[in-house]
Number of protein chains: 2
Amino acid sequence: MTPVVGRGAGSPAPRSADVARVAGVSRKTVSRVLNNEPYVSDEVRRRVLEAAGELGYRLNHAARALASGRNRSIGVVALGTAGYGTASLLVGIERAVRDAGYALRVVNTADGDPEGIAGAVMSLLEQGVDGVVVSEPIVEGEVSVRVDVPVLFLGAPPAFASARTLTVGVGAYALARAATDHLLDLGHTTVHHLAGPRQWYASKDRIEGWRAALAARGAHEPPLVEGDWSPASGYAAGRELASDSSVTAVFAAGDEMAIGLIHALREAGRRVPEDISVVGFDGNPVFAYVTPPLTTVRQPFDAAAQQGIRLLVHAIEEPETDLPPASEPPVELVVRGSTAPPPSRQGQTARPTT
Amino acid sequence: MTPVVGRGAGSPAPRSADVARVAGVSRKTVSRVLNNEPYVSDEVRRRVLEAAGELGYRLNHAARALASGRNRSIGVVALGTAGYGTASLLVGIERAVRDAGYALRVVNTADGDPEGIAGAVMSLLEQGVDGVVVSEPIVEGEVSVRVDVPVLFLGAPPAFASARTLTVGVGAYALARAATDHLLDLGHTTVHHLAGPRQWYASKDRIEGWRAALAARGAHEPPLVEGDWSPASGYAAGRELASDSSVTAVFAAGDEMAIGLIHALREAGRRVPEDISVVGFDGNPVFAYVTPPLTTVRQPFDAAAQQGIRLLVHAIEEPETDLPPASEPPVELVVRGSTAPPPSRQGQTARPTT
DNA sequence: TTGAAAGCGCTAACAC
DNA sequence: GTGTTAGCGCTTTCAA
């Protein structure tokens, strides 16, 4: 066993008064040192730190929060599913929050009912968070909570009233356009879209980007197919689409749906990408290793989380001054093996964008 | 816009004293009602609840924690990666913690250095959590922190000293055995193992299960190949293994590594499962839709999280009484298309287990 | 069944 | 630079 640091379970936890006594200073001075406040001599600072170390002193956040009214904690309403996207975003958020010197409280909502979001926010507020993050996957639906701390909506427009509301997108619209344009550039007459559930903001952005890309080329807009993000729903959509011989290109709103889709297509005897091209959405690296490797667009989860938290912390700490509007992260198209020119133009050169 | 509930930003937040005044009772009585304590008449209880509702009162957790010494919160040390496994476990933990009426604080550690774990636990302790969960993916290495709250190790043996230590496994050993046995049952002479990083407990359990299965059949134990959980590392291992014509079966310690592995194998002209069978580990449903569909074992993330949190909460709330030891969850082998009898026995019936 | 007073451990405001 | 005093909003005695 390793030598352990810290007091045994017997003696009571040391308080700041104990540190003060040992260091021969007042409680306030200890507080100053612990909070990195100015106007403390280096000598005293050193003594206090040493005393704290000796005693195994640990600051009591609850007491600090009560006295100061600030918690240095941020709450996040996440989605109760374990997808690559959600998880990546959460990891990014955690990192950014930690780097900013805040603690993270997490509450999940079941597959995004508005009730759940309201309840989740309430519970976060009770916990005294200084700010709230509502992460991308959020349903449409009005929520009746009024919160008095800043709220960051990551990847979705504000869903409820708040004193200060921030929004940071992941650039889904531009990504969807890029995905669709890629297919169009390859020479496909039009592109079908396998969308996420209608109620999700995440779906809407992608639909709009797809639609805009089509419109810009004067391409016909085929009817939308709707999935629920799961590979199974992609598979179901694929069975449907496979029977329509006019389909040569599909843009799926999620990598996993794209995988299910491709599977159904191939089962039905349609080759990918020779007969039908498929583009996914997310950028999970594992799909570079399936057959065919999936062409996709990469969502800038980390960049979005970082930027969003920076804004949120700014709103918490300096409510007065404004921060410049968030810059959209670059669009990243990852071309792999699931896309090719349509059968009619096989072997020809792709038509370049203007 | 929807009608909003709650006070505006103008007036100060109501305190329990305000509720007491409106309800015409003492502060202590309000406290009793809010904590569901006995000895309050139904009439008074109703009045208090009504007053709280009217005022939009929200209990202050920091004050409660300070006064009572209990936080009703649990901290989890998670891994800073966004894999399916980690994310599933975290979601399961969140749900279980929430169901138990606790709040969740999350701290990630960078790819699992002991320093990071110690720091993460410290920061959780400062936040005043009543219990800590160190989730499965944890490195070997002694950590010198002494904590005075119960600690749950999910999927790994204790990594440091604590007043009360709990351990709940995900049954990785049994799952690894089942995966290996499945391959052996199919008639393979032996099974290669693509392991996770040596320092991870998660890797060790799987290695031991694999080893035990081999030993039980008197099968030769081929040298271990080591990856880092990533599909890229699986791919690298696959290129290596493909050149060895004696390899007919591989058990990979993670689904993603298995996918990379299969890709390399097929690129090298080895068919899966005809020439080489591959079994993964985790159970991510999306891999049912790749070619070939991946045979794998499902990790019981939810069950483990639920059971673990139940134990932890018990340890927090009733330190005296013991809970019966946790029961191992059932082993679930998901047989899909990536496994078959070895080339030499193709077309024959698989040898059944005793 | 209810209430009054005394803190929980820290920071804020002001003095020195 | 440093110390003093007074709470933050709740729960805990203990008394009624």
Side-chain angles (χ1 to χ4, degrees), chain A residues 7 11-49 51-52 55-73 101 103 125-130 148 317, chain B residues 7 11-49 51-52 55-73 103 125-130 148:
Chain A
R7 69 218 136 58
S11 43
R15 301 160 305 154
S16 75
D18 298 319
V19 177
R21 196 170 19 70
V22 172
V25 298
S26 76
R27 258 157 70 218
K28 176 60 210 179
T29 298
V30 172
S31 165
R32 271 196 267 263
V33 171
L34 265 24
N35 289 289
N36 272 312
E37 282 171 32
Y39 304 120
V40 184
S41 69
D42 288 351
E43 159 59 10
V44 168
R45 186 179 298 276
R46 198 192 50 67
R47 265 191 0 242
V48 169
L49 258 17
L55 261 35
Y57 171 73
R58 243 154 23 205
L59 191 141
N60 181 327
H61 278 223
R64 180 222 281 268
L66 181 56
S68 69
R70 295 240 343 279
N71 248 298
R72 287 201 79 78
S73 84
L125 256 21
E126 272 195 1
Q127 291 180 56
V129 297
D130 303 311
D148 36 11
E317 298 181 351
Chain B
R7 68 217 135 63
S11 45
R15 302 161 304 155
S16 76
D18 299 319
V19 176
R21 198 172 17 72
V22 171
V25 298
S26 76
R27 261 156 69 220
K28 173 61 211 179
T29 299
V30 172
S31 165
R32 271 195 268 260
V33 171
L34 265 25
N35 289 290
N36 273 312
E37 282 171 31
Y39 304 120
V40 184
S41 69
D42 288 350
E43 159 60 8
V44 168
R45 186 178 297 274
R46 199 190 50 67
R47 266 190 3 240
V48 169
L49 258 16
L55 261 34
Y57 171 75
R58 243 158 18 210
L59 192 142
N60 182 327
H61 278 221
R64 182 220 282 267
L66 181 54
S68 68
R70 294 244 341 279
N71 249 299
R72 287 202 78 80
S73 83
L125 256 21
E126 272 194 358
Q127 291 179 55
V129 297
D130 303 311
D148 35 11

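Protein chains get the first letters and strands the later ones, always in sequence-line order, with residue 1 at the start of each.
Of the two residues contacting DNA chain C, namely A/Leu66 and B/Ser26, the nearest-nucleotide position lying further toward the 5' end is that of B/Ser26.
Atom CG in B/Asn71 sits roughly 15 Å away from atom P in D/dC10 (whole-Å rounding). In this entry the distance linking CD of A/Glu37 with C1' of D/dG3 reads 14 Å, nearest Å. Put simply, CD on B/Glu43 is 14 Å from P on C/dT1, counting in whole angstrom units. Atom NE2 of A/His61 and atom P of D/dC8 are 22 Å apart (whole Å). The nearest whole Å value for the distance from the CZ atom in A/Arg70 to the P atom in C/dT11 is 12 Å. Atom C1' of nucleotide C/dT1 and atom CZ of B/Arg45 are separated by 12 Å, given to the nearest angstrom. As rounded to whole Å, 14 Å separates atom C1' of C/dC10 from atom CG of B/Asn60. Atom CZ of B/Arg72 is separated from atom C1' of D/dC10 by 16 Å (rounded to the nearest Å).
Taken to the nearest 0.5 Å, the CG atom of A/Asp148 stands 5.5 Å off from the CZ atom of B/Arg58. Note that CG of A/Asp18 and CZ of A/Arg27 are 10.5 Å apart. Values are rounded to the nearest 0.5 Å.
Contact annotation: B/Thr29 side-chain N/O to C/dG3 OP1/OP2 distance is under 4.0 Å. Under 4.0 angstrom from either OP1 or OP2 of D/dG9 there lies at least one side-chain N or O belonging to B/Arg15. Side-chain nitrogen and oxygen atoms of A/Ser68 include none within less than 4.0 Å of the OP1 or OP2 phosphate oxygen of C/dT11. For the OP1/OP2 pair of D/dC10 and a distance below 4.0 Å, the side-chain nitrogens and oxygens of B/Ser31 include no atom meeting the criterion. Contact between the side-chain N/O atoms of B/Ser16 and the OP1/OP2 oxygens of D/dG9 is not found at any separation under 4.0 Å. For the pair B/Asn35 and D/dT11, the criterion of a side-chain N or O lying under 4.0 Å from OP1 or OP2 is met. Phosphate proximity of C/dC16 to A/Tyr39: absent, as no side-chain N or O sits under 4.0 Å from OP1 or OP2.
Residues B/Val44 and B/Val48 form a side-chain contact, since some pair of their non-hydrogen atoms from C-beta on lies under 4.5 Å apart. For the pair B/Arg45 and B/Asn36, the minimum side-chain heavy-atom distance is below 4.5 Å.
Side-chain proximity of A/Lys28 to D/dT11, C/dA12, D/dT2: nearest is C/dA12. Of the candidate nucleotides C/dT2, D/dT2, C/dG9, D/dT2 has the atom nearest to the side chain of A/Val40. Closest to the side chain of B/Ser41, out of C/dT1, D/dG1, C/dG9, is C/dT1.
By the 4.0 Å N-to-carboxylate-O rule, B/Glu126 lies too far from A/Arg64 to be salt-bridged with it.
One cannot find a donor-acceptor pair under 3.5 Å joining the base of C/dG9 and the side-chain atoms of A/Arg58.
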